[in-house]
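Inspection log for the structure reproduced underneath, given as structure tokens.
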Amino acid sequence: MADDTLRIAMLSVHTSPLDQPGTGDAGGLNVYVTELAQGLADRGAQVEIFTRATASSQADVVEVSDGVLVRHIPAGPYEGLDKNDLPGQLCAFTAGVLRTEAARATGWYDVVHSHYWLSGQVGWLTADRWDVPLVHTMHTMAKVKNAALAPGDAPEPMGRVIGEEQVVAEADAMVASTAEERCDLISLYDADPARVHVVAPGVDLGLFSPPDPAARAAARAGLGLPPDRAVVLFAGRVQPLKGPDVLVGALAEIAARGLPVPLLVILGGPSGRPTALRELQAIAEVSGVGQHVLYRPAVPRAELAQWYRAVDVVAMPSRSESFGLVALEAQASGTPVVASAVGGLRRAVSPGHSGVLVAGHEPQDWADGLLSVLTDEPFRLRLAGGARRFAEGFSWAAAADQVLKVYDVAATHRRRH
């Protein structure tokens, strides 16, 4: 190329960075891709994010910001395709990506960075065709999810397991969010330790910031929350993996103890199956705590920041979590987090300093965890202060710097092999 600009083909097949996180297949991965791409662009890179077109009204190309483009690639019908149907569309998606590159000067892209295993399959072919390094971020892994299934949840299919194994074998470098995820890649997928690099995600410390007492009261009023009642927030996709049913069970346990029951806000939409939200509502009604649960749809991130500031605690009872960006966002907003002691949440929350980690998913344990924060005001205030300080140790700028170093290592591996 005539200049030294780093050009990155970033792949996110099954979910667009333009989608609203908190419903369907949109979640932390969407935020991760968007923020990392912006961080890389801020350092002079040109990032093109390829994602599957899901509506005829979508523009072929959307400029998100200076240096970041989103390209919508037709692959199968716009609607009616579940994530599990997408392997059959990977050939069509790959063809669209290759045609985009074919219209550019030879050697246009310098690196392919794929996210989630479906994108990794596309990345494997495109990186091979262009003879550039493939860097892959798993985000979630079938073998990890299958080891921590929710009651009644279906395991990830063998086709996904095989696909993940292939991507791990082919990638020039892997990006893991935590040391634990790195260990899982090595022990469960036989990844080469030299090719797995730990890069912690970041958090937007400007958008997510603590309120003063007056602003907190105003946020509560604006969101229609009671001014003096304890409020617990669950923000994310409503699916068994994320464990909102665990919180409903905790409310029932608190009620059984004859204690004041906090208000639980479920902020998000169904994922995995369209009936997931109705099923959660039915569980709450049968448990006798239906009147203590408030359901709201997923909201844009600026409004999400208001929710974080308005509540007393954010709860993440996930059965599996590669990291947990919601935990960082809540803590940056000065709100303690009560989370499962699983996966990346053990890195995203500092127990006793920014929040509480709960071992297991029994209602009694979760009731204890929530009450330890909600009924001890000095402890809650201490956690709130520590939460912000802890979150300040994470930034997307630092993540982008480290990922650029991973790209260099991947390029060296590609040249040698």
Side-chain angles (χ1 to χ4, degrees), residues 20-22 27-28 30-32 34-35 38 200-227 229-237 242 247 262-268 294 296-318 321 323-340 344-345 347-357 369-370 373-374 377-399:
Q20 168 65 58
N30 304 68
V31 175
Y32 184 107
T34 301
E35 294 287 357
Q38 187 58 62
V203 63
D204 187 335
L205 295 169
L207 176 60
F208 300 105
S209 58
D212 57 43
R216 183 174 183 275
R220 281 210 168 199
L223 295 171
L225 296 175
R229 186 179 180 186
V231 180
V232 176
L233 174 66
F234 170 92
R237 290 170 288 167
K242 299 295 183 180
L247 297 178
L263 177 66
L264 171 62
V265 178
I266 303 293
L267 188 66
L294 181 66
R296 292 290 183 268
V299 297
R301 299 184 76 210
E303 187 175 343
L304 177 59
Q306 289 293 91
W307 280 98
Y308 288 144
R309 297 184 188 110
V311 302
D312 296 286
V313 65
V314 170
M316 295 189 69
S318 306
E321 198 73 62
F323 189 77
L325 290 179
V326 165
L328 278 191
E329 293 171 351
Q331 291 167 114
S333 305
T335 301
V337 173
V338 177
S340 300
L345 288 172
R347 174 70 177 94
V349 177
S350 179
H353 178 64
S354 68
V356 172
L357 291 179
L370 292 173
V373 180
L374 296 175
E377 185 173 6
F379 181 50
R380 184 172 71 254
L381 294 176
R382 188 165 71 251
L383 290 179
R388 175 65 185 190
R389 290 190 296 272
F390 178 71
E392 287 172 349
F394 299 83
S395 77
W396 287 112

Are any of the side-chain heavy atoms of [X] and [Y] separated by less than 4.5 Å?
X: V231; Y: L264; answer: no
X: V232; Y: L263; answer: no
X: P262; Y: L370; answer: no
X: R389; Y: H353; answer: yes

Practice item. Evaluate the criterion side-chain contact (heavy atoms from CB on, under 4.5 Å) for residue pair R388 and L205; output intermediate values, then yes/no. Key: CA-CA 9 Å; R388 175 65 185 190; L205 295 169; 3.7 Å; yes
So which heavy atom on [X] is nearest to which on [Y], and how close?
X: V337; Y: A327; result: CG2-O, 3.8 Å
X: S333; Y: P211; result: O-CD, 3.6 Å
X: T335; Y: Y308; result: OG1-O, 2.6 Å
X: G334; Y: A384; result: O-CB, 3.2 Å
X: A230; Y: L374; result: CB-CD2, 4.1 Å
X: A391; Y: L328; result: CB-O, 4.0 Å

Between [X] (side chain) and [Y] (backbone), is there a donor-acceptor pair under 3.5 Å?
X: Q20; Y: V299; result: yes
X: R220; Y: P226; result: yes
X: Q331; Y: A348; result: yes

Point-to-point distance, once rounded to the nearest 0.5 Å, from [atom1] of [X] to [atom2] of [Y]:
X: I266; Y: L294; atom1: CD1; atom2: CG; result: 9.0 Å
X: N30; Y: R301; atom1: CG; atom2: CZ; result: 10.5 Å
X: E329; Y: L207; atom1: CD; atom2: CG; result: 8.0 Å

**Study point:** Y32-W396 aromatic ring centre distance below 6.0 Å
**Key:**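 Ring centroids of Y32 and W396 are less than 6.0 Å from each other.
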Practice item. State which residues pass side-chain contact (heavy atoms from CB on, under 4.5 Å) with R347; sequence neighbours excluded, sorted by chain then number. Key: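 side-chain contact (heavy atoms from CB on, under 4.5 Å) check on R347 returns T178, F323, F390, F394.
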Practice item. Evaluate the side-chain contact (heavy atoms from CB on, under 4.5 Å) criterion for residues W307 and V314: first the C-alpha distance (whole Å), next the side-chain angles of each, then the deciding distance (0.1 Å), finally the verdict. Key: CA-CA 10 Å; W307 280 98; V314 170; over 6 Å; no
Practice item. Can you spot which of V349, L357, L345 makes a side-chain contact (heavy atoms from CB on, under 4.5 Å) with M316? Key: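 Only match with M316 under side-chain contact (heavy atoms from CB on, under 4.5 Å): L345.
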Review point. Among V326, L247, L267, which one satisfies side-chain contact (heavy atoms from CB on, under 4.5 Å) with F234?
Key: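 The residue from V326, L247, L267 that satisfies side-chain contact (heavy atoms from CB on, under 4.5 Å) with F234 turns out to be L247.
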Point to revise | By side chain to side chain donor-acceptor pair (under 3.5 Å) - contacts of S318 (at least two apart) | key: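 Expected list: E321.
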**Study point:** Salt-bridge contact R216-D312 (side-chain N to carboxylate O under 4.0 Å)
**Key:**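 Looking at R216 and D312, the cut-off is met.
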Point to revise | side-chain hydrogen bond (donor to acceptor under 3.5 Å, both in side chains): pairs with one or both residues in residues 200-211, sequence neighbours excluded | key: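 Residue pairs with at least one partner in residues 200-211: S209-R309.
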